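Comments concern the structure below.
Given the structure is predicted, the values throughout are model-derived calculations rather than measurements. In this chain, residues are counted from 1 in sequence order.
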Amino acid sequence: QVQLVESGGGSVQAGGSLTLSCESSERFFRNYAWGWFRQAPGKEREFVAAINRSGGSTYSSSAEKGRFTISRDSAKYTVYLKMNSLKPEDTAVYFCAAKRGMGPLVRENDYDYWGQGTQVTVSS
């Protein structure tokens, strides 16, 4: 079982920034690709960003491209989502997800393990 521990959520004003963290363990980190999804109240969970196993390729949804950046620190077994220029519509619970091996990274069912989620609230 892969354990994912998210942190970094909170409340921020529009235009502000937050960095979310998703910590795993040495045993699993290097063999997995990683993604971030979010779910706003009353809406379905949606893809935000992903990074492949090597960290050499990243993917972002068109809405967040340029504002959100995914990265990974292999020494800390942690994946990050840096979010800039936040908007009220970015308010959601953000989830970290891990995918064993290679393959698509933009759908929920591409992933094998999920974190518990962290709340991000952006006020206008």
Side-chain angles (χ1 to χ4, degrees):
Q1 183 74 17
V2 177
Q3 197 165 16
L4 310 177
V5 180
E6 296 139 329
S7 61
S11 297
V12 65
Q13 288 194 325
S17 299
L18 282 174
T19 298
L20 307 182
S21 300
C22 175
E23 186 175 355
S24 181
S25 62
E26 179 181 11
R27 178 180 177 185
F28 299 106
F29 187 79
R30 291 184 178 85
N31 293 321
Y32 285 78
W34 300 86
W36 285 97
F37 288 72
R38 68 185 183 187
Q39 187 167 19
K43 295 187 177 182
E44 293 187 351
R45 194 173 298 188
E46 63 177 0
F47 170 76
V48 175
I51 188 165
N52 67 354
R53 278 193 309 170
S54 69
S57 296
T58 61
Y59 311 87
S60 299
S61 71
S62 57
E64 283 73 47
K65 194 164 290 185
R67 295 192 302 125
F68 292 5
T69 303
I70 188 170
S71 62
R72 54 188 282 162
D73 186 334
S74 297
K76 296 182 178 179
Y77 319 123
T78 300
V79 178
Y80 302 98
L81 183 69
K82 182 169 176 56
M83 305 184 293
N84 295 324
S85 303
L86 283 162
K87 306 173 182 178
E89 51 263 44
D90 294 319
T91 295
V93 178
Y94 284 71
F95 297 89
C96 173
K99 172 185 173 63
R100 187 197 309 265
M102 302 174 68
L105 293 172
V106 298
R107 301 170 304 179
E108 282 189 73
N109 58 9
D110 292 334
Y111 292 83
D112 301 293
Y113 301 100
W114 291 83
Q116 79 286 356
T118 185
Q119 177 70 46
V120 171
T121 303
V122 184
S123 58
S124 57

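For Tyr111 and Phe37, the gap between ring centers is short of 6.0 Å.
With sequence neighbours left out, the side chain to side chain contact (heavy atoms under 4.5 Å, CB included) criterion links Ala49 to Ser60, Ile70, Leu81.
Once rounded to the nearest 0.5 Å, the distance linking CG of Asn109 with NZ of Lys99 reads 9.0 Å.
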* **Test side-chain contact (heavy atoms from CB on, under 4.5 Å) applied to Asp90 and Met83, step by step** => CA-CA 10 Å; Asp90 294 319; Met83 305 184 293; over 6 Å; no
* To do: Apply side-chain contact (heavy atoms from CB on, under 4.5 Å) to Glu26 and Arg30, showing your working.
  => CA-CA 7 Å; Glu26 179 181 11; Arg30 291 184 178 85; 3.8 Å; yes
* To do: Check the pair Trp36 / Phe68 against side-chain contact (heavy atoms from CB on, under 4.5 Å), numbers first and verdict last.
  => CA-CA 10 Å; Trp36 285 97; Phe68 292 5; over 6 Å; no
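Ring geometry, Tyr32 versus Phe28: the interplanar angle exceeds 60°, so the pair is classed perpendicular (tilted spans 30 to 60°).
Scanning all heavy atoms of the two residues, the minimum distance from Ser17 to Ser85 falls at OG-N, 4.3 Å. When all heavy atoms of Leu4 and Ala98 are compared, the closest pair comes out as CD1-N, 4.0 Å. The minimum heavy-atom distance linking Gln116 with Val5 is given by the pair OE1-CA, 4.2 Å.
A donor-acceptor distance shorter than 3.5 angstrom exists from the side chain of Glu6 to the backbone of Gly117, with no hydrogens or angles considered. In terms of modelled atom types and a separation under 3.5 Å, the side chain of Thr91 and the main chain of Val122 share a donor-acceptor contact. Of the possible donor and acceptor atoms, none in the side chain of Gln119 sits under 3.5 Å from a partner among the backbone N and O of Gly9. Side-chain N or O atoms of Arg100 include none that pairs as donor or acceptor with a backbone N or O of Tyr113 at under 3.5 Å.
The shortest distance between side-chain heavy atoms of Arg67 and Lys87 falls below 4.5 Å.
Hydrophobic clustering (side-chain heavy atoms under 4.5 Å, transitive across Ile, Leu, Val, Met, Phe, Trp, Tyr) keeps Phe95 apart from Leu18.
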